2 protein chains.
Amino acid sequence: MDVKTLCLAVLSRRDATGYEIRKQFAEGPFAHFQKASLGAIYPALTKAAEEGLVTVTAEAQDGRPDKKIYSLTPDGAAALHRACQTEPGDDQFRSDLLFLIFFSALQSPDKIARLVDERIAQYEASVANLKSKAETCSGEEPGRDFVRGLGCAIYQAAADYMRQNRADLLEQLRSEARHAAE
Amino acid sequence: MDVKTLCLAVLSRRDATGYEIRKQFAEGPFAHFQKASLGAIYPALTKAAEEGLVTVTAEAQDGRPDKKIYSLTPDGAAALHRACQTEPGDDQFRSDLLFLIFFSALQSPDKIARLVDERIAQYEASVANLKSKAETCSGEEPGRDFVRGLGCAIYQAAADYMRQNRADLLEQLRSEARHAAE
DNA sequence: CGATCAATATGTCGGACCGATATATGGAAC
DNA sequence: GTTCCATATATCGGTCCGACATATTGATCG
């Protein structure tokens, strides 16, 4: 999904500024399965406005730059609808941590231990975050619960696996290090 | 992790051509947590050769272009080691399918059903694939089992969740569609 | 038996995107 | 009182993907 379509999708739920759109990808409901940076969002919104997919309303602010509030037009809604007809690509999982663990011979076991512990904490925080959101806003739009639940299940599985196999991994790394030292 | 570092890492395990490196990211042991395209790998290898991080050996072939076999130099090994000292970034999960489900009001429930079924099959195939590899090549290098196991756990959790919540999601979508039709 | 397709193997190129940076200010923290 | 964070816009260098170009062999298929 390109950033322009992502922006149209966010605007289909409510009007927003570029800054607010980015926040929805950084912390909001999309954070767990899509991302977009400001450096991509602002040009995408400008282009979408040129194409008549969105309208802009400038709101004066003292000191700060004007707030530009974007709204979806009927043309924009149609473009979003069209983009959603294409077949979705594969899900992508990327992890620099797993890369480091794969090449853990190049690391000190203590560093790996710290990194794994930190990642477990991160994943468990994400689970807690999603669960709290599930309580406050369950059942509004169809699909939202499913999406949130899947994120939760994946994070929980990752945290559980790391917790259960942490000791084994470290034991292997330390015995390998002893082996190399001899 | 940039593509140059990724290439050095692959070459630290064994000599390879650019084409073979890509295959390791498409099907090989790295496929589940890192990717790199040919359009990035070839320039990265050329640049790495210029910097003395790898050496090239051209092997003549009839008809086809020469096979260029790359090998890691001591300088390249040092560069890889240095790159591995940086703190890893967050794990990234991206899913166009979840995006479509989030905006499933724009879709026919039947299409969502098909897409979910296909994705379950894909995840279960990945689990089977990883499990078969775990049997044939377990315990060679420390960390490899851990990485494979985590991939397996995540894919299994995603497949299980989708299987268990598929009916609920579809029920919600169909009742919403009926509601809109009235 | 020709046709089309996948795999092998290199490489270029346009366009998309990220991350850093610039600019400007109010409020909170310490 | 200074440092840091949040708000809010925008640009830009560099990186990377996906598509294309090129060339050949072997397989599948009607």
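Note on naming: letters A, B, ... go to the chains in the order of the sequence lines (proteins, then strands), and numbering restarts at 1 for each one. Computed from a predicted model, the values in this text were never measured in an experiment.
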Considering only side-chain heavy atoms of K67(A), which listed nucleotide, dC18(C), dA8(D), dC17(D), is closest?
dA8(D)
R94(B) side-chain proximity, nearest of dC18(C), dG11(C), dT9(D)
dC18(C)
Taking the six-membered ring for Trp, is the centroid-to-centroid distance between F102(A) and F30(B) below 6.0 Å?
yes
Salt-bridge contact R114(A)-E87(B) (side-chain N to carboxylate O under 4.0 Å)
yes
Under a 4.0 Å heavy-atom cut-off, which of residues 13-43 of chain A touch DNA chain D?
T17(A), G18(A), Y19(A), K23(A), L38(A), G39(A), Y42(A)
Pair S126(A), N129(A): side-chain N/O donor-acceptor within cut-off below 3.5 Å:
no
When you check the side-chain N and O atoms of Q164(B) and D160(B), is any donor under 3.5 Å from an acceptor?
no
Tell me, do Q34(A) and F25(A) make a side-chain contact under 4.5 Å, heavy atoms counted?
yes
Compare all side-chain heavy atoms of F146(A) with those of D168(B) and state whether any distance is below 4.5 angstrom.
no
When the C1' atoms of the five terminal pairs at each end define the local axes, what inter-axis angle does the helix from dC1(C)-dG30(D) to dC30(C)-dG1(D) show, to 10 degrees?
50°
Could you give the side-chain donor-acceptor pairs of residues 7-15 of chain B under 3.5 Å, partners two or more places apart or in another chain?
residue: S12(B); atom: OG; partner: A9(B); partner atom: O; Å: 2.6
residue: R13(B); atom: NH1; partner: E141(B); partner atom: OE1; Å: 3.4
residue: R13(B); atom: NH1; partner: E141(B); partner atom: OE2; Å: 2.8
residue: D15(B); atom: OD1; partner: S71(B); partner atom: OG; Å: 3.4
residue: D15(B); atom: OD2; partner: S71(B); partner atom: OG; Å: 2.9

DNA chain C: I69(B) or K47(A), which has the more 5' nearest nucleotide?
I69(B)
Just the rounded figure in Å: distance from P of dG13(D) to CG of D2(B).
20 Å
Length of the NZ-C1' vector between K4(A) and dC17(C), whole Å
15 Å
Taking Y42(A) as the starting point, is it possible to reach L6(A) by hopping between hydrophobic residues whose side chains are less than 4.5 Å apart?
no
